[in-house]
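Only a predicted model underlies this, so the values are computations on that prediction, with no experimental measurement involved. Counting convention: from 1, in listed order, for ligands and their atoms alike.
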Amino acid sequence: MQFSRPILVTGGAGFIGSHLVRLLVNKYPTYRIINLDKLTYAGNLENLRDVEEAHNYLFVKGDIVDHELVRQLFEEHGLDTVVHLAAESHVDRSIDNPMAFIQTNIVGTVSLLNAARAAWEAPEGKLFYHVSTDEVYGSLGETGFFTEKTPYDPRSPYSASKASSDHLVRAYYHTYGLPVVISNCSNNYGPYQFPEKLIPLMINNIRHSKPLPVYGDGSNVRDWLWVEDHARAIDLILHRGRLGETYNIGGDNEWRNIDLVRSLCRVMDELLDRPAGTSEQLITFVKDRPGHDQRYAIDAGKLKAELGWEPSVQAEEGLRKTAAWYLSHTDWLDHVTSGAYQDYYRLHYEAGAKGL
Ligand code: NAD
Ligand code: DAU
């Protein structure tokens, strides 16, 4: 079959990437969706079980830092679009080991940019879409919102590496005329998030009646974006975003960490049929994260006005949907926390049955 648009999605076996791959594969049967993922601890092909047989989907195991592999993918598939999500994504890990973040998030991004630049003689019909984070803007006080014009002020090795990659993507736009677009979004939540991040970690710990570690006094604020709303926003920007522009994506859904955890405790008590107040007793205040950003909040007005996007899930409804999903996918939780998810790749892919 001749495909109308060959798209490389990097990091498609991760949390957000798997939602995006699913959306693109199902919504655009004439597009070819090629998922390049290294399958780090955060990449899990079980996330994509429902689309792996689709005629327009291909998985390639590999590292974005491997420039020769990336070059070959451009050549072999005539790629005209890259949606770049592959990254080391967890702030606490970046504090322990910054170098992995420099490699993947900075060097890996440049490897992709160079391959696109070499393959694309003219910018027409081409797009390099870089998925980034609101953390590049730094930390807010009690009021105000990040806009696309907020100066960069990253404060963790993770956010500094993402800021660096954003700058490089913009530099390739200005210097070489590479057709790029960037989006910066707030904290995603929903199904398939690795249980090191706040919400699935708390759900899994409540499930096992383990302590719920709240950093500092729990007053830090995050804006929570339903992951499928994010994938919808990426779809819109991919098709209608203006080249060289940045779009902020947020959930209009701010919570103090402690309020979110308490609310999750109430939902989990209900879903697990435990007496009210049981889970809240597990809350334990622990040493704060070094350099912990106080508050993130997004003004997504540009995306709403230009492309008509709105978040669809908010407040406790999102927490309830998320908790219910994890409780009905305890196999998934057990696989990713035990490392058993790697068996899926070995059984289904390594024998050469699928993918490269
Ligand atoms: P994730 O950690 O769940 O997934 C990352 C994926 O990238 C994994 O599948 C992993 O195997 C893959 N990967 C890592 N290094 C790679 C490499 N060198 N080569 C190829 N693949 C590699 O991350 P996520 O939460 O889905 O985030 C996706 C993107 O969105 C990231 O760029 C992140 O910075 C950005 N982002 C995430 C959030 C969030 O709340 N999760 C918010 C804003 C922005
Ligand atoms: O804002 C977007 C960013 O959101 C993304 O770019 C990152 O990839 C993503 O990991 C996320 O970063 P955060 O550091 O905000 O997410 P995390 O889930 O690690 O933490 C959310 C908040 O909860 C933060 O204030 C720290 C706190 N926290 C986190 C954990 C893991 C706790 O209090 N206890 C915990 O055990």
I want to know if ligand 1 touches [X] in the polar sense, i.e. an N/O pair below 3.5 angstrom.
X    : answer
C185 : no
D134 : no
V65  : no
K162 : yes
Y41  : no
T104 : yes
H84  : no
N188 : yes
E88  : no
A86  : no

Sub-3.5 Å N/O-N/O distance, [X] and ligand 2:
X    : result
D92  : no
V91  : no
N187 : yes
N220 : no

For [atom], tell me which residue out of [options] has the closest non-hydrogen atom.
atom                    : options                : value
atom 1 (O) of ligand 2  : D134, V136, V286, D293 : D134
atom 30 (C) of ligand 2 : Y189, Y215, Y296, W224 : Y215
atom 5 (C) of ligand 1  : S89, G190, A87         : A87
atom 12 (O) of ligand 2 : E196, Q294, R289, E135 : E135

Show the atoms of ligand 2 that are less than 4.0 angstrom away from any heavy atom in [X].
X    : result
L201 : 36 (O)
H90  : 19 (O)
P213 : 32 (C), 33 (O), 34 (N), 35 (C), 36 (O)
T133 : 1 (O), 2 (C), 3 (C), 5 (C), 6 (O)
V214 : 33 (O)
K197 : 10 (O), 18 (O)
N257 : 22 (C), 23 (O), 24 (C), 25 (O), 27 (C)

Checking a contact table here: which protein heavy atom is nearest [atom], and how many Å away?
atom                    : answer
atom 8 (C) of ligand 1  : D37 OD2, 3.5 Å
atom 3 (O) of ligand 1  : F15 N, 3.0 Å
atom 21 (N) of ligand 1 : K38 N, 3.0 Å
atom 27 (O) of ligand 1 : I16 CD1, 3.7 Å
atom 26 (C) of ligand 2 : H292 NE2, 3.4 Å

Please list, in number order, the atoms of ligand 1 under 4.0 Å from a heavy atom of [X].
X    : result
S186 : 40 (O), 42 (C), 43 (C)
N187 : 40 (O)
D63  : 17 (C), 18 (N), 19 (N)
V131 : 30 (O), 32 (O)
T40  : 10 (C), 11 (O), 14 (C), 15 (N)
S132 : 43 (C), 44 (C)
G43  : 8 (C), 9 (O), 11 (O)
T133 : 43 (C), 44 (C)

Just to check, does [X] reach to within less than 4.0 Å of ligand 1 when the distance is taken from its heavy atoms?
X    : result
S18  : no
G62  : yes
T10  : no
Y158 : yes

Checklist outcome for this item: In R93, Q342, H90, the residue satisfying side-chain hydrogen bond (donor to acceptor under 3.5 Å, both in side chains) with Y41 is R93
Any donor-acceptor N or O pair under 3.5 Å, side chains [X], [Y]:
X    : Y    : value
S279 : D269 : yes
S263 : E316 : yes
Y137 : N248 : yes
S164 : S161 : no
D166 : N184 : yes
R117 : N114 : no

Item to check | Neighbour count >12 (heavy atoms, 6.0 Å) for atom CD, E68 | outcome: yes
Next on the checklist: Can you see whether Y247 has K302 sitting over its ring - NZ or CZ less than 6.0 Å from the centre and within 45° of the normal?
Outcome noted: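 Pair K302/Y247 counts as cation-pi.
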Does the gap between the ring centers of [X] and [Y] come in under 6.0 Å?
X    : Y    : value
H239 : Y28  : yes
H77  : F3   : no
H329 : W325 : yes

Next on the checklist: So is K162 touching ligand 2 or not, going by heavy atoms under 4.0 Å?
Outcome noted: no
Checklist entry - Side chain or backbone of L39 under 4.0 Å from ligand 1, or both, or neither, by non-hydrogen atoms? => result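 Near ligand 1, L39 shows its backbone, while the atoms from C-beta on stay back.
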Next on the checklist: Run N253 and W255 through side-chain hydrogen bond (donor to acceptor under 3.5 Å, both in side chains) and show every step you take.
Outcome noted: CA-CA 7 Å; N253 188 27; W255 292 76; 3.1 Å; yes
Checklist entry - According to a 4.5 Å side-chain heavy-atom criterion applied to Ile, Leu, Val, Met, Phe, Trp and Tyr, with indirect links allowed, do Y215 and L212 form part of one hydrophobic cluster? => result no
Checklist entry - Any sub-3.5 Å donor-acceptor pair from R295's side-chain atoms to G141's backbone N or O? => result yes
Checklist entry - Would you find a donor on one side and an acceptor on the other, under 3.5 Å apart, between the side chain of N47 and the backbone of S18? => result no
Checklist entry - Backbone, side chain, both or neither: what part of L198 comes under 4.0 angstrom of ligand 2, heavy atoms only? => result both
Checklist entry - At a non-hydrogen distance cut-off of under 4.0 Å, which region of N188 contacts ligand 2 (side chain, backbone, both, or neither)? => result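 Neither; nothing of N188 gets under 4.0 Å from ligand 2.
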